[in-house]
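Remarks on the structure that follows.
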Amino acid sequence: MLHQLSWKVGGQQGEGIESTGEMFSMAMNRLGYFLYGYRHFSSRIKGGHTNNKITVRPTEVRSIADDLDILVAFDQETIDVNYQELTEKGVILADAKFEPVKPEDSKAPLFVVPFTEIAAELGTTLMKNMVAIGATAALLNLDDEVFQNVVNDIFGKKGEEVVQKNMEAIARGREMMSELLGERVGEWALAPADGKRRMFMIGNDAIALGALAAGTRFMAAYPITPASEIMEYLIRKLPKFGGAVIQTEDEIAAATMAIGSNYGGVRAFTASAGPGLSLMMEAIGLSGMTEQPLVVVDTQRGGPSTGLPTKQEQSDLMAMLYGTHGEIPKVVIAPSTLEEAFFDTIQAFNIAEELQLPVILMTDLQLSLGKQTAEPFDYSKIEIRRGKIVTEELAESADKAYFKRYENTADGISPRVLPGTLNGIHHVTGVEHDETGKPSEATGNRQTQMDKRFRKLEALRFDQPVYTNAPHEEADILLVGFNSTRGAIEEVQERLNAQGMKVNHAHIRLIHPFPSAEMAPLVAKAKKVIVVENNYTGQLANIMKMNIGGHDKIKMITKYNGTPFLPGELEIKVKELAH
Amino acid sequence: MATFKDFRNTVKPNWCPGCGDFSVQAAIQRAAANVGIEPNNLAVISGIGCSGRISGYINSYGFHGIHGRALPIAQGLKMANRDLHVIASGGDGDGFAIGMGHTIHAIRRNIDITYVVMDNQIYGLTKGQTSPRSAAGFITKSTPGGAIEPSLKPLEVALTSGATFVAQGFSTDIKELTALIEAGLNHKGFSFINVFSPCVTYNKVNTYDWFKEHLTKLADIEGYDHTDRNLAMQTIMQHDSLVTGIIYQDTATTSYQEKVVGYSELPLMDIDIKMSEQEFTALVDEFM
């Protein structure tokens, strides 16, 4: 009985590799297993190696597995590129069609199954992925019925015959593989799962659902990897809630349209990745200066320029914090789990409206596109707070004086009147302005309005700005990260603590304004602080030093080759730095 | 009912004496009153440049944004509140240089707003550089040897971009201009109105007198039919775009908002945004 299974399917992009992984994952999810799926793909439609690695456990899984138990190959490249990940007990299942060759130094047995041929016999080679799933079922000793309701869901609308054919393909794959395995059938069986129903989704799904639950009714966005799924989800769902999505001509239009809509009183947002974020900078400054709420999602990917558009990186951090010219108050939130992604999206909308400023919700490719299991989100925890929107009738002013939209209040937050309101007329401008919104360059006014805008941050309330698991009063090491590195860090912390080291973990969720009050004590009680991040310059480490000092003990482990941290490699690097 | 005086506020414009923009402002105020808009139901969204200041000089909701981006802000606002009358305005640099991409796409998107461009063929606020509307050979600080690039033809661009309403006015002729803006406000879709609004300080070529000498009123052209797109294109090409009046109007094509599936009849800002538990559970179930 295995307590963790790591399974990977690979082939040429456009060959149905993704759907093979999807089918297998959905079936395992419905059995109650926990999953973490991560796709390797390229910026092209057809061709090029792609693979989908899925880690399955009967207990919570937080990270991509270090190694591999089963490799399903639809081409030779898949074997050549991935066989070294295989464990001692690992196996390769390969399609007979490409006459697979086992690399000389591979210890893993190679099982050649005629995936394509069997599928062709059943009517279409498209079903070769179903045959491969059947072969996997033999290794895991899974009944064909396990796949029945997933096949119904996916092919049901194409008719009973298609469902039957696909089930037959699974059965044929299982039978053929069982013959090849002989007594070894079921040797890779997983310990049973609890059978509980859980969600299985990517981070972008959690964000899109969060936006909908937060009451967004308008989104303006431009397609980009790895953010597009957010827009696509809302294009499907917003019509049911009366809202709309506009695919704009560029990201500048997306951000400014979202500002216009927020000005009109609608929770509107945009989502993009690094290149789009760069184009939005002036608009983000406009939101800050005119105090119009704005939510921007930045799904980080490999930069700079077009960089590594389909690969993991966390290098937009400084751009998000300091990218705009001039100075504005701004909030940057970095969720690290599906649940945080969902609730932080709702928080982002609340904060943007309450404090009337731009909020950037930051993710990275691994969190945005990695597919994980999560308990259903708790409806009762959804809270909508819209801040100081004036809803009562306003008195007419005799001298046509503007409404004081930028009134210098104690907390810096001024009452907000929406266009259309009787007697609420005021002016909004990105030029420095007085309390009524009229342009003003007077020195005293400038100072008052700058102070007022920044004072709003003092009213910021954020639950759990740092996720901490700090069991040690005196720690050898404090591991620090943000976004998707959380799983790998948790895994490493667990392993090192089991080995007798004293390791604490802090994952920063509210990046800006920096949670110094929470981080400083954690840093103080650690001998060494190791910041783990997917970038070259150690952006989070530098932000920590800037805010709370600790230059002598803050070290960093960076990775910028486009792939996520695996627990094994991170464990080795942490140990190296520990001594 | 509001009169044009209700659209006046107490702010004194910082335009040069004699600037064409004064008349454009007056025409907008008159047109808004004439079509029965109340000041609180009008929003003027402007760009950056001398003309961009216009949103602060009209007693209505006003948003003075960033250079070239008046149109996306205005479109976002109209999507949020379909009951609001939205006018976007700015100069030729704003709309045809830095914001040209938005102009073309706003035209083809056809959201029901009115776009008034104050076209003076020069950059005024930055003190006299060439504009995409400057004629070839035009001498400015940035083109001391004369502009090399030909002048951009906004009317032609609008017609080929699928415009449903294109008009051109001259700031001196407030009566005609007011009528054009009224027609634009009444048009169900995106209305694009280019206005020759001379810069008395930096453009010594395209002066009031120059326009008076060169402009032809479409009303004076026998047989002109502004519902005929081919004729519109032919006429503006024949007259080097120096015409005023409604150049083209298509009343058959419905606006973007009428075409969006599921888009609320009620302004989005007025919808109750809290989702029911039943709706939420159904969405969550799709992931299980």
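In what follows, chains are A, B, ... by sequence order, proteins preceding strands, each numbered from 1. All figures in this text were calculated on a predicted structure; none of them were measured in a lab.
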Query - Region of B:Glu38 that comes under 4.5 Å of a non-hydrogen atom in chain A - result: neither
Report task. Please flag which part of A:Arg198 lies under 4.5 Å from any non-hydrogen atom of chain B: side chain, backbone, both or neither. Result -> backbone
Query - Heavy-atom contact with chain B under 4.5 Å, split by part of A:Leu422 - result: both
Query raised in the report: Of the backbone (N, CA, C, O) and the side chain (C-beta and beyond), which part of B:Leu268 lies under 4.5 Å from a heavy atom of chain A, both, or neither?
Result: both
Requested in this report: State yes or no: are the ring centers of B:Phe280 and A:Phe241 separated by less than 6.0 Å?
Outcome: no
**Report entry** Qualifying residues under side chain to side chain contact (heavy atoms under 4.5 Å, CB included), relative to A:Tyr222, sequence neighbours excluded
**Finding:** A:Thr248, A:Glu251
Query raised in the report: Tell me, do B:Tyr263 and A:Leu238 make a side-chain contact under 4.5 Å, heavy atoms counted?
Result: no
Query raised in the report: Checking B:Asn59 against chain A: side chain, backbone, both or neither under 4.5 Å from a heavy atom?
Result: both
Report summary line: Okay, B:Asp270 and chain A: the region with an atom under 4.5 Å from a heavy atom over there is neither
Query raised in the report: From B:Tyr61 OH over to A:Thr421 OG1, what is the distance, rounded to the nearest 0.5 angstrom?
Result: 4.0 Å
Query raised in the report: Can you tell me how far the CG atom of A:Leu418 sits from the CG atom of B:Leu77, to the nearest 0.5 Å?
Result: 10.0 Å
Output a table of donor-acceptor pairs, distance under 3.5 Å, between side-chain atoms of residues 62-73 of chain B and any protein atom two or more places apart or on a different chain; print 'none' if there are none.
{"from": "B:His64", "atom 1": "ND1", "to": "A:Thr429", "atom 2": "OG1", "distance (Å)": "2.6"}
{"from": "B:His64", "atom 1": "NE2", "to": "B:Gly47", "atom 2": "O", "distance (Å)": "3.4"}
{"from": "B:His67", "atom 1": "ND1", "to": "B:Ile48", "atom 2": "O", "distance (Å)": "3.4"}
{"from": "B:His67", "atom 1": "ND1", "to": "B:Asp94", "atom 2": "OD1", "distance (Å)": "2.9"}
{"from": "B:Arg69", "atom 1": "NE", "to": "B:His67", "atom 2": "O", "distance (Å)": "3.4"}
{"from": "B:Arg69", "atom 1": "NH1", "to": "B:Ile98", "atom 2": "O", "distance (Å)": "3.3"}
{"from": "B:Arg69", "atom 1": "NH1", "to": "B:His102", "atom 2": "NE2", "distance (Å)": "2.9"}

Query raised in the report: Can A:Lys237 and B:Glu286 be counted as an ion pair, charged N to O under 4.0 angstrom?
Result: yes
Report task. Sort A:Tyr233 into side chain, backbone, both or neither according to what part of it lies under 4.5 angstrom from a heavy atom of chain B. Result -> side chain
Report summary line: When rounded to the nearest 0.5 Å, the distance separating CD of A:Glu249 from CE of B:Met100 is 11.5 Å
Report task. Anything in residues 107-115 of chain B with a heavy-atom distance to chain A below 4.5 Å? Please list those residues in order. Result -> B:Arg109, B:Ile111
Report summary line: Cut-off 4.5 Å, heavy atoms of chain A, and the answer for B:Arg8 is both
Requested in this report: Answer with side chain, backbone, both or neither: which region of B:Leu42 has an atom nearer than 4.5 Å to a non-hydrogen atom of chain A?
Outcome: neither
Query - Neighbour count >12 (heavy atoms, 6.0 Å) for atom NZ, B:Lys153 - result: yes
Report task. Measure A:Ala253 against the heavy atoms of chain B and call it side chain, backbone, both or neither at under 4.5 Å. Result -> both
Query raised in the report: So do B:Asn40 and A:Asn423 actually touch side chain to side chain, heavy atoms under 4.5 Å?
Result: no
Query - Residue B:Val284 versus chain A: region with a heavy atom under 4.5 Å - result: both
Query - Interatomic spacing from OG in B:Ser60 to NE2 in A:His426 - rounded to 0.5 Å - result: 10.5 Å
Query - Nearest-0.5 Å distance that lies between atom CE in B:Met269 and atom CG in A:Asn262 - result: 12.0 Å
Query raised in the report: Within 45 degrees of the axis of the six-membered ring of A:Tyr379 and under 6.0 Å from its centre: does B:Lys274 put its NZ or CZ there?
Result: yes
Query - Residues that A:Arg386 engages under side chain to side chain contact (heavy atoms under 4.5 Å, CB included), provided they are two or more places apart - result: A:Arg267, A:Glu353, A:Ile384, A:Ile389, B:Ile273
Requested in this report: Counting only heavy atoms closer than 4.5 Å, note whether A:Ala255 contacts chain B via side chain, backbone, both or neither.
Outcome: neither
Report task. State the CE-CZ distance between A:Met26 and B:Phe287, to the nearest 0.5 angstrom. Result -> 11.5 Å
Requested in this report: Please look at A:Lys438 and chain B and tell me whether the side chain, the backbone, both or neither of the residue comes under 4.5 angstrom of a heavy atom of that chain.
Outcome: side chain
Query raised in the report: Take atom NZ in B:Lys259; do more than 12 heavy atoms of anything else shown fall under 6.0 Å from it?
Result: yes
Query raised in the report: Pick from A:Met199, A:Arg30, A:Met201: which one makes a side chain to side chain contact (heavy atoms under 4.5 Å, CB included) with B:Met288?
Result: A:Met199
Requested in this report: Could you tell me which portion of A:Thr290 (side chain, backbone, both or neither) has an atom closer than 4.5 angstrom to a non-hydrogen atom of chain B?
Outcome: side chain
